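In what follows, a structure is listed as structure tokens, so that the remarks can point back to it.
All figures in this text were calculated on a predicted structure; none of them were measured in a lab.
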Amino acid sequence: MAFSDIIGQQELVDRLKTAVCGVPGHAYAFLGPQGSGRRLLARAFAKALLCNSTNDGESCNQCASCRYFDNGVHPDYTFVAREGKDKNIKVERVRHAITADVAMKPQMARHKVYLIMADDLNEPGQNALLKSLEEPPPYAVFILIAAGLERLLPTVRSRVVPLMLARLSENEIVSVIRQTPGSDKLDIEELRFYARYAAGVPGAALNLLAEEWFAPLRQETADFYFSLSRANPAVLLTEGYTFFETNKPHIEDMLTILESFVRDEMTQLTTSNPDWIINRDFIGRFQAGRGTKAAGRQEIPLRQKVTSLANVSQAIHQTRKALSYNVSFEISVCQLLIVLRRELIHA
């Protein structure tokens, strides 16, 4: 992995190349959600820092240092992450792999690079790392990977250069997908849907493409969503709940799919730009309504429709929050079903 292999993130790549050509800082934090490409970019940076023949900040891919790095045996590169079934990186691991190692000078490169999955560091682990960050030798470069700065202690946060990864465009994510085996079997519209649905996070698109259950679940959720306004309340609380209970392992995905439908309907009501629609294969169903007469829907004021959809979005958010706090699954889902039917009649 080199900078030339990175799709998107051009501003960050240029900044990192400048650092490689000059005097890099001693600590960086690559920030972004899982799947954003933060680890790939961090590895490209580490490889360039260790390269013995960099060209304008890019690793040469030919020197001994690059070959050692690509084979995972570079003596001046250390990757620190949780191991096995551990929930966090153990403090002993930090002390052994970083604190005790950083005083030894590089063996074959100008720098020693430590790539650390900081999301896996608890408070004791971050405190163990702090001493090395406070008094680093000139050759040491620490690269932390985290979802956001709030995951880091203030003392650690103040000693790193934050680098926030940008969300990729639809075309950039399509390019990422095209690099994966088997992607040639997908038509361009299918690729573009996954790129839009991933909301700028390429890893999310790749993960969903690898899951056979996602496409059927999305179709079933769509059928459920568009039938809500005409569903009998009693039947809704029985068959509707059964639908959620059957797909309980994927409840987070169901809620996200529902959110995407609500967002698309609000977008369609407030703008005429189809490029902003995620689920474009359902545009016809958005326009036709959920089984109600078009004339009846037209009598509902636009503001009321938007308000109803906003209430649905809020209900989905509250359901996700309640489930994260271990509130009863049955109570949470039934409350959501009641709100969905009540509000979607007016949307």
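The number of heavy atoms from other shown groups lying within 6.0 Å of CD (Glu211) is above 12. Remark: Glu123 CD is loosely packed, at most 12 non-hydrogen atoms of other residues, nucleotides or ligands lying under 6.0 Å away. The number of heavy-atom neighbours closer than 6.0 Å to CD of Glu150, taken from other residues, nucleotides and ligands shown, is above 12. The environment of Tyr68 atom OH is sparse: at most 12 non-hydrogen atoms of other residues, nucleotides or ligands sit within 6.0 angstrom.
A heavy-atom distance below 4.5 Å is found between the side chains of Arg178 and Leu191. At least one side-chain heavy atom of Arg280 sits under 4.5 Å from a side-chain heavy atom of Arg196. Counting heavy atoms from C-beta on, the side chains of His74 and Leu50 come closer than 4.5 Å. Looking at Leu344 and Leu309, their side chains come closer than 4.5 Å, going by heavy atoms from C-beta outward. Contact check for Asp5 versus Leu40: no side-chain heavy atoms found under the 4.5 Å cut-off. Considering only heavy atoms from C-beta on, Ile143 comes within 4.5 Å of Val113 through its side chain. Contact of the Leu144 side chain with the Val156 side chain is registered, since non-hydrogen atoms from C-beta on lie closer than 4.5 Å. No side-chain heavy atom of Leu129 sits less than 4.5 Å from a side-chain heavy atom of Thr99.
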Worksheet item: Could you go step by step and tell me if Val94 and Ile116 meet the side chain to side chain contact (heavy atoms under 4.5 Å, CB included) rule?
Response: CA-CA 9 Å; Val94 176; Ile116 306 160; over 6 Å; no
Discussion item. One pair to check against ring-ring contact (aromatic ring centres under 6.0 Å, His included): Tyr28 and Phe45. What are the steps and the verdict?
Written reply: CA-CA 10 Å; Tyr28 297 84; Phe45 183 40; 5.1 Å; yes
Worksheet item: Checking side chain to side chain contact (heavy atoms under 4.5 Å, CB included) for the pair Asp56/Val20: CA distance, chi angles, key distance, verdict?
Response: CA-CA 8 Å; Asp56 292 330; Val20 172; over 6 Å; no
Practice prompt. Just do the side chain to side chain contact (heavy atoms under 4.5 Å, CB included) check on Tyr241 and Leu236 with the steps written out, would you?
Written response: CA-CA 7 Å; Tyr241 175 73; Leu236 178 64; over 6 Å; no
Worksheet item: Do Leu163 and Leu16 pass the side chain to side chain contact (heavy atoms under 4.5 Å, CB included) test, and can you show the C-alpha distance, the side-chain angles, and the key distance before you say yes or no?
Response: CA-CA 10 Å; Leu163 300 173; Leu16 294 173; 3.7 Å; yes
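The main-chain N or O of Asn279 is found under 3.5 Å from a side-chain atom of Asp264 such that the two form a donor-acceptor pair. Side-chain atoms of Asp187 come within 3.5 Å of backbone N or O of Glu190 as a donor-acceptor pair. Here the side chain of His26 pairs no donor or acceptor atom with the backbone of Pro138 at under 3.5 angstrom. With hydrogens and angles ignored, the 3.5 Å screen pairs a side-chain donor or acceptor of Ser227 with a backbone N or O of Phe224. Of the possible donor and acceptor atoms, one in the side chain of Glu58 sits under 3.5 Å from a partner among the backbone N and O of Phe3. Ser36 contributes a side-chain N or O that, together with a main-chain N or O of Pro33, makes up a donor-acceptor pair within less than 3.5 Å. Between the side chain of Glu172 and the backbone N or O of Ser169, at least one donor-acceptor pair lies under 3.5 Å. A donor-acceptor distance shorter than 3.5 angstrom exists from the side chain of Ser183 to the backbone of Ile177, with no hydrogens or angles considered. A donor-acceptor contact shorter than 3.5 Å links the side chain of Thr18 to the backbone of Asp14. Checking side-chain atoms of Ser313 against main-chain N and O of Ala310 turns up no donor-acceptor pair under 3.5 Å.
Exactly one residue among Asp76, Thr78, Asp101 makes a side-chain hydrogen bond (donor to acceptor under 3.5 Å, both in side chains) with Lys112. That residue is Asp101.
In summary, the aromatic rings of Tyr77 and Phe69 are positioned with their centroids under 6.0 Å apart.
Classification of Lys47 and Asp70 as a salt-bridged pair holds, one side-chain N sitting under 4.0 Å from a carboxylate O. The residues Arg218 and Asp281 are annotated as salt-bridged, a charged nitrogen and a carboxylate oxygen being separated by less than 4.0 angstrom. Classification of Arg320 and Glu259 as a salt-bridged pair holds, one side-chain N sitting under 4.0 Å from a carboxylate O.
Residues Ala48 and Ser59 approach most closely at CA-CB, 4.0 Å, considering heavy atoms. Of all heavy-atom pairs spanning Arg38 and Gly32, the tightest one is NH1-O, 2.8 Å. Among all heavy-atom pairs drawn from Ala29 and Leu152, the shortest one is CB-CD1, 4.4 Å. Minimum heavy-atom separation, Pro162 to Leu149: CB-CD1, 4.0 Å. What you find for Thr238 and Thr242 is that their closest heavy atoms are O-OG1, 2.8 Å. Contact between Ala140 and Val102 at its shortest, heavy atoms only, is CB-CG2, 3.8 Å.
Between the CG atom in Leu41 and the CG atom in Leu165 there is a gap of 5.5 Å [rounded to 0.5 Å]. Note that CE of Met164 is 9.5 Å distant from CZ of Arg167, once rounded to the nearest 0.5 Å. With rounding to the nearest 0.5 angstrom, the CD1 atom of Ile278 is 7.5 Å from the OG1 atom of Thr267. One finds the SG atom of Cys51 at 11.0 Å from the NE2 atom of His111 (value rounded to the nearest 0.5 Å). To the nearest 0.5 angstrom, Lys90 atom NZ is 13.5 Å from His96 atom NE2. The line from CG of Leu12 to NZ of Lys17 is 12.5 Å long, rounded to the nearest 0.5 Å.
Side-chain N/O atoms of Asn122 and Gln126 include no donor and acceptor closer than 3.5 Å. Judged by distance alone, the side chains of Asn88 and Asp120 never bring a donor and an acceptor atom under 3.5 Å apart. With no hydrogens or angles considered, no side-chain donor-acceptor pair links Arg67 and Asn61 at under 3.5 Å. No donor-acceptor contact under 3.5 angstrom links the side chains of Tyr194 and Glu170, judged on distance only. Counting only N and O atoms by type, the side chains of Gln219 and Asp223 include a donor and acceptor under 3.5 Å apart.
Judged by a 6.0 Å distance limit and a 45° cone about the ring axis, Arg192 is not positioned over the six-membered ring of Tyr197. Geometric assessment of Lys248 against the ring of Phe329 yields a positive cation-pi assignment under the 6.0 Å and 45° thresholds.
Using a 30° and 60° split on the angle between ring planes, Phe226 and Phe286 fall in the tilted class, from 30° to 60°. The aromatic rings of Tyr225 and Phe261 sit tilted relative to each other, their planes meeting at an angle between 30° and 60°.
Using a 4.5 Å cut-off between side-chain heavy atoms of Ile, Leu, Val, Met, Phe, Trp and Tyr, with links allowed through other members, Leu228 and Met266 fall into the same hydrophobic cluster. Residues Val333 and Val339 do not share a hydrophobic cluster, clusters being chains of Ile/Leu/Val/Met/Phe/Trp/Tyr side chains in contact below 4.5 Å. In this structure, Leu323 is not a member of the same hydrophobic cluster as Ile331, with clusters built from ILVMFWY side-chain heavy atoms closer than 4.5 Å. Placement of Val80 and Leu130 within a single hydrophobic cluster is found when ILVMFWY residues are connected by side-chain heavy-atom separations under 4.5 Å, directly or transitively. Note on Leu206 and Trp213: same hydrophobic cluster, where clusters join Ile, Leu, Val, Met, Phe, Trp and Tyr whose side-chain heavy atoms are under 4.5 Å apart, directly or indirectly.
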